[in-house]
Amino acid sequence: MTDKNVTENFITHIIDEDLANKKHNHVVTRFPPEPNGYLHIGHAKSICLNFGVAADYQGTCHLRFDDTNPEKESREYAESIQRDIQWLGFDWKTNQFHASDYFDQLYAYAEELIEKGLAYVDDQTPEEMRENRGDFNRPGVNSPFRDRSPEENLALFRAMKAGEFADGARVLRAKIDMQSGNINMRDPVIYRIRRLHHINTGDKWCIYPMYDFTHCISDAIEGITHSLCTLEFEDHRPLYDWFLDHIDIDCHPQQIEFSRLNVSFTITSKRRLSKLVEEGIVDGWDDPRMSTISGLRRRGYPPEAIRDFVKQVGVSKKESVISMTVLEDAIRHHLNQSAPRVMGVLRPLKVVIENYPEGQVEMLNGANHPQNESFGSRQIPFSREIYVEQSDYKENANRKFFRLTEGREVRLRHAYYITCREAIKDEQGNVVELRCTYDPESRGGTADGRKVKGTIHWISAEHAEPIEVRLYDRLFNHPKPASLENFTDAINSESLEILPNAMLEPGIADQDSEVVYQFERNAYFKRDKTHETDKPVFNQVVSMRDSWSKIEQEVNESN
RNA sequence: UGGGAUGUCGCCAAGUGGCUAAGGCACCAGGUUUUGAUCCUGGCAUUCGCAGGUUCGAGUCCUGCCAUCCCAGCCA
């Protein structure tokens, strides 16, 4: 991977040309969220692209809140957006703006359009407007108010601003072309009357500008060079250019559209995400199964890994769905290098080592990372009674099962070789305890001459720390839940599995909760913020790659 | 039936007329290994939506066709 934030793509090619032609001598981009919801993995692509491109070209990237619709916007959302961008590792420095910072200028540009005869106040009802707009096969019809004089329009528009009309009674429209094949050009509304309290301007305004009018002018005011947005705005580009061509402004940014990021088995729509929260299907916006940035954060996904993922995915104009395995691979790749290894037993099975002295405790050394000595090592207590994973014992196991079964010897990670002698069952026939013997000569996990295929993890029973583990699986069973009539039909009822009786080696649970650990042979885990339980809770970040389950399946099928 | 876009391996994605169509994920086959993890090696598109055409030469240029997506908010 290169040291660039963004790999070469059609947008960087355009920038390269613009720099080579001297169209620009610097790059300014912007990330323009509307503060009306939480950011999700799809926004991460836009954030990484805009901030990444700016950084790669020694330019700047602005954070601009697109706050033109007070009906839906809130401070809380704006704050969560700031937190998420920072967490992802980007810094807008002093370049934080709001579209609402420009309301006065926007208003003046609207008057300019009116004076030029390029905008008019329309008194039609929304229903009349919709009817007269026409449709894909039928051109629009001019509004009966379209030919008002600039003087009359100006007086009316000022009256709109002064609050002389009821909400929704009139709008200001651009006078473009009601016959255009592009419906956005059929005299789009640019101002509407709304008596609403705005998060930034309070009660100063009762008219608010629309997106198309606001966005291009905000970009121009800020000196944005390349205005990157998603594909659905392609049809709006002629309008973006029209406004800037018809007002007196000396900057004309280039709008460039790229395709959204879609990840298989996930959902990225505010409406659907909030339905999951409202209906209690998940534990809130930051539920570890959510594709929100706050959900990924709580889950334990490292921001560096998310950035690498976005980089790997690339940028193009093709609508696509990236396999979730690419995301998981990026997470594993990063965590494999950064996560200290510890031993945690998810489903404990007690083992008594019959020939180990009762009451004796030995401290064994265990490396914290097998490939990186700088992680150091720790002392792990070993004693006569330990816990191992239930799945590491099997009755009547075949030769491919490199773990415990009667008469088979395995290595305990960082410790001794043990041989399984007997499985003790309860009345129902469940194995509740294993009786084993150990080889005192194999301390540290080495014994001359003998090859032991299996190594399993364990925890000294006396020293084990009880924890709760939460295992996560994909929230949906369908690769494209949003394509279904009702996306909730695809909800995976087994996306959360709680293991209340897990055990962790001592000295880990109460450490820095931001550390992601690898519970060897199990998965990566990060301590949850929750305090609702008496035990520490660990969330599974991502599982380990598992080639055993495939072998096991093949063995079962051949039997 | 209007307008705008996109079609290169199962999923992404390089390729900007000329050496044998990058790379990642997935998958397959081996090797190393005190995590059945990691790591390493090898395999994986005679072909670029389809059909014609231009050219000594086309995924790259031209024409036609097909498929998919977006647009009819006083949302962004």
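Keep in mind that this is a model prediction, so the values were computed, not measured. Labels below follow one simple rule: chain letters A, B, ... track the order of the sequence lines, proteins then strands, and each chain is numbered from 1.
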Pair partner, B/A67 [Watson-Crick or wobble, under 3.5 Å]: B/U6

d(CZ, A/Phe65; P, B/C75) in whole Å: 21 Å

B/G15 and B/A29, which share atom name P, separated by this distance in whole Å: 34 Å

Sugar-phosphate, base or nothing in reach of A/Asp66, heavy atoms under 4.0 Å: sugar-phosphate

Nucleotide B/U33, atom C1' - distance to NE2 of A/His369 in whole Å: 13 Å

A/Arg186 side-chain N/O to B/G2 phosphate OP1/OP2 under 4.0 Å: no

Out of B/G36, B/A14, B/G73, whichever nucleotide has its closest atom nearest the side chain of A/Arg133: B/G73

Cationic N near anionic O, under 4.0 Å, A/Arg260 to A/Glu319: no

Rounded distance in Å between the P positions of B/G43 and B/C61: 32 Å

Sugar-phosphate, base or nothing in reach of A/His457, heavy atoms under 4.0 Å: nothing

Sidechain N-carboxylate O distance under 4.0 Å for A/Asp66, A/Arg30: no

Rounded interatomic separation in angstrom, taking CG from A/Asn262 and C1' from B/C69: 11 Å

Between B/C27 (C1') and A/Glu328 (CD): distance, integer Å: 16 Å

Side-chain N,O (A/Ser180) to OP1/OP2 (B/G2) below 4.0 Å: no

Separation between the P atoms of B/G57 and B/A5, rounded to whole Å: 32 Å

Sugar-phosphate only, base, or nothing, as touched by A/His414 at under 4.0 Å among non-hydrogen atoms: base

Separation of the P atoms in B/U47 and B/A22, to the nearest angstrom: 15 Å

Counterpart base for B/U38, defined by Watson-Crick or G-U wobble contacts under 3.5 Å: none

A/Lys4/A/Asp56 salt bridge by N-O under 4.0 Å criterion: no

Nearest-nucleotide pick for A/Asn184, side chain only, options being B/C25, B/A37, B/C71: B/C71

Sugar-phosphate only, base, or nothing, as touched by A/Val452 at under 4.0 Å among non-hydrogen atoms: nothing

Pi-cation contact, A/Phe165 with A/Arg170 (under 6.0 Å, within 45°): yes

B/C27: pairing nucleotide in any strand, Watson-Crick or G-U under 3.5 angstrom: B/G43

Contact under 4.0 Å: A/Arg545 side-chain N or O vs B/A26 OP1/OP2: yes

Under-4.0 Å salt bridge between A/Asp135 and A/Arg138: yes

Below 4.0 Å: OP1/OP2 of B/A76 and any side-chain N or O of A/Thr68: yes

Any donor-acceptor N/O pair under 3.5 Å between B/U68 base and A/Glu319 side chain: no

Face-to-face contact A/Trp548 to B/G36 six-ring, under 5.5 Å, under 30°: yes

For B/G30, glycosidic torsion class - syn if within 90° of 0, otherwise anti: anti

Sugar-phosphate, base or nothing in reach of A/Gln124, heavy atoms under 4.0 Å: base

A/Lys317 side chain, from C-beta outward: closest of B/U35, B/U6, B/C75: B/U6

Closest-nucleotide 5' rank along RNA chain B - winner of A/Asp135 and A/Ala415: A/Ala415

C1' gap between B/A13 and B/C9, integer Å: 11 Å

Touch class at under 4.0 angstrom, heavy-atom based, for A/Phe233 against every strand present: base

Donor-acceptor pair under 3.5 Å, A/Asn137 side chain vs B/G2 base: no

Any A/Ser323 side-chain N or O less than 4.0 Å from OP1/OP2 of B/A26: no

A/Asp235 side-chain proximity, nearest of B/G3, B/A76, B/G2: B/G3

Nucleotide nearest A/Met544 when distance is taken to its side chain, options B/A26, B/A37, B/U38: B/A37

Candidate nucleotides B/A76, B/C74, B/A37, ranked by approach to the side chain of A/Pro126 - the nearest: B/C74

Centroid-centroid distance, A/Phe233 to A/Tyr240, less than 6.0 Å: no

Sugar-phosphate, base or nothing in reach of A/Lys400, heavy atoms under 4.0 Å: base

Residues forming a side chain to side chain donor-acceptor pair (under 3.5 Å) with A/Ser320, sequence neighbours excluded: none

side-chain N/O A/Arg403 vs B/U35 OP1/OP2, d < 4.0 Å: no

Sugar-phosphate, base or nothing in reach of A/Gln518, heavy atoms under 4.0 Å: base

Under 4.0 angstrom between A/His13 side-chain N/O and B/G15 OP1 or OP2: yes

Salt bridge present between A/Glu328 and A/Arg545 (N-O < 4.0 angstrom): no

Quiz item: A/Gln371 side-chain donor-acceptor pair to B/A37 base, under 3.5 Å: yes

B/G36 phosphate, OP1 or OP2, under 4.0 Å from A/Lys550 side-chain N/O: no

Nucleotide nearest A/Glu520 when distance is taken to its side chain, options B/U35, B/C70, B/C25: B/U35

Nearest-Å distance once atom P is located in both B/C44 and B/A58: 25 Å

Residue matched to B/G17 through Watson-Crick or wobble contacts both under 3.5 angstrom: none

Geometric class of the A/Tyr438/A/Phe382 ring pair [parallel <30°, tilted 30-60°, perpendicular >60°]: tilted

Rounded distance in Å - CZ (A/Phe265) to C1' (B/G10): 13 Å

Whole-Å gap separating P (B/C70) and CZ (A/Phe136): 11 Å

Sugar-phosphate only, base, or nothing, as touched by A/Pro33 at under 4.0 Å among non-hydrogen atoms: nothing

Distance test, side-chain N/O of A/Arg194 to OP1/OP2 of B/C75, below 4.0 Å: yes

Phosphate OP1/OP2 of B/U68: any A/Lys318 side-chain N/O under 4.0 Å: no

Touch class at under 4.0 angstrom, heavy-atom based, for A/Phe519 against every strand present: nothing

B/C25 and B/G42, which share atom name P, separated by this distance in whole Å: 15 Å

Phosphate-side-chain proximity, A/Arg521 and B/G36, N/O vs OP1/OP2 below 4.0 Å: yes

Distance, C1' atom - from B/G49 to B/U68, rounded to whole angstrom: 11 Å

Phosphate contact (B/C70 OP1 or OP2) by A/Arg260 side-chain N/O below 4.0 Å: no

Selection from B/G3, B/A26, B/A13 that lies nearest to any side-chain heavy atom of A/Asn182: B/G3

Residues A/Arg192, A/Asp167: salt bridge by 4.0 Å N-O rule: no

